[in-house]
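Computed from a prediction, not measured in an experiment: that's the story for all the values here. Counting begins at 1 with the first residue of the sequence. Each ligand, and each atom within it, is numbered from 1 in the order the structure gives.
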Amino acid sequence: MAGNWKMCKTPGETRSFLEKFIPAVAGVSDCDIVICPPFVDLPAAVEAARNTNVAIGGQNLHWESKDGAFTGEISGRMLKEAGAQWVIIGHSERRQYFHETDELVYKRTVAALAAGLKPIVCVGEMLKERESGQTHWVLERQFNHGIAKLAPEQFAQIVIAYEPVWAIGTGRTATPDIAADAHRFIRGQAVEKFGSGDVRILYGGSVKPDNIKGLMAQEEIDGVLVGGASLDPDSFATICFASSSSASH
Ligand code: 13P
């Protein structure tokens, strides 16, 4: 269960959130809980989440491992030393607004793994692509030009997030069946390329406390990547409990 805070919250707001959120999810077991705040919040988040069941991640990283002349960028080893364990790669907002390509997604994933970070690699189609029946074609392209170039031992370490762009921040969640169909297709790509569909696939796009149960009831959906609803400690805690076998909320 991963929260992507996007460009929200200051270090002080991060501390306030975690003061409430960490005790609220202390009873969640059998699932990873990850919060991905903006870079400047990482020290506050890592400090607050130390020795808890909440892990911290970045929202992006540069594909070069070594220090260098890349103004405004952050490397994997910086994230790792700051205490991040995870990193989101290829989010649709980065693809749309910052010219992220499938090739860059691949390069960033390799850099993340080299730094010892666990990548959450995002794929997903735009509204016009879904409406024109191109969803599978887009997912296949994103998979083949990005993820499929990984070595099998690299692929074994990633998590994939299926985020249909039309469902992000719109309140228009994909139905559990639509999400499961896309997950099945992506898993099929993994079987075709790597001979194994044993990969965690998260769904993202307007996940809320009131739709989480229906989504998690789908066998194909292994978890969720949450934007807006991860900004409130109570709502994200409710979402985290939806996949926990040890407690109810
Ligand atoms: P929302 O949950 O706000 O739709 O955002 C989803 C998302 O983009 C998570 O990465």
- Message: Please check: side-chain N/O of S16 versus main-chain N/O of G12, any donor-acceptor pairing under 3.5 Å?
- Response: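 It does hold such a pair.
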
- Is there a donor-acceptor pair closer than 3.5 Å between any side-chain N or O of K9 and the backbone N or O of T14?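 Judged by distance alone, no pair lies under 3.5 Å.
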
- Query: How far is atom 5 (O) of ligand 1 from its nearest protein heavy atom, and which residue and atom name does that atom have?
  - Reply: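 That would be K6 NZ, 3.3 Å.
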
- Heavy-atom nearest neighbour in the protein, as seen from atom 9 (C) of ligand 1, with distance rounded to 0.1 Å: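 For atom 9 (C) of ligand 1, the nearest protein heavy atom comes out as E163 OE2, 2.9 Å.
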
Does an N or O from [X], backbone or side chain, lie closer than 3.5 Å to an N or O of ligand 1?
X	value
H91	yes
E93	no
K208	no
G169	yes
G227	yes

Which atoms of ligand 1 have any heavy atom of [X] under 4.0 Å away?
X	answer
A167	4 (O)
L225	9 (C), 10 (O)
G228	1 (P), 2 (O), 3 (O)
S206	1 (P), 2 (O), 4 (O)
G205	4 (O), 6 (C)

Just by distance, no angles: are the side chains of [X] and [Y] close enough, under 3.5 Å, to form a donor-acceptor pair?
X	Y	value
W166	E125	yes
Q218	D177	yes
Q59	H91	no

- Please identify each residue that fulfils side-chain contact (heavy atoms from CB on, under 4.5 Å) with D198, with sequence neighbours left out.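 Residues passing side-chain contact (heavy atoms from CB on, under 4.5 Å) with D198: S196.
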
- Query: Side chain, backbone, both or neither: which part of I168 comes within less than 4.0 Å of ligand 1 when only heavy atoms are counted?
  - Reply: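 I168 to ligand 1: contacts from backbone and side chain alike.
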
- Task: Quick one: look at A161 and ligand 1, take heavy-atom pairs under 4.0 Å, and tell me if it's side chain, backbone, both or neither.
- Result: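 Contact part for A161 vs ligand 1: neither.
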
- Member of T238, D232, D234 meeting the side-chain contact (heavy atoms from CB on, under 4.5 Å) criterion with P209: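 Result for side-chain contact (heavy atoms from CB on, under 4.5 Å) with P209: T238.
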
- Under the salt bridge (Lys or Arg N to Asp or Glu O under 4.0 Å) test, which residues partner E131, sequence neighbours left out?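 Checked E131 against salt bridge (Lys or Arg N to Asp or Glu O under 4.0 Å); zero matches.
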
- Quick one: CZ on R108 to OG1 on T101, what's the gap to the nearest 0.5 Å?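 Between atom CZ of R108 and atom OG1 of T101 there are 8.0 Å.
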
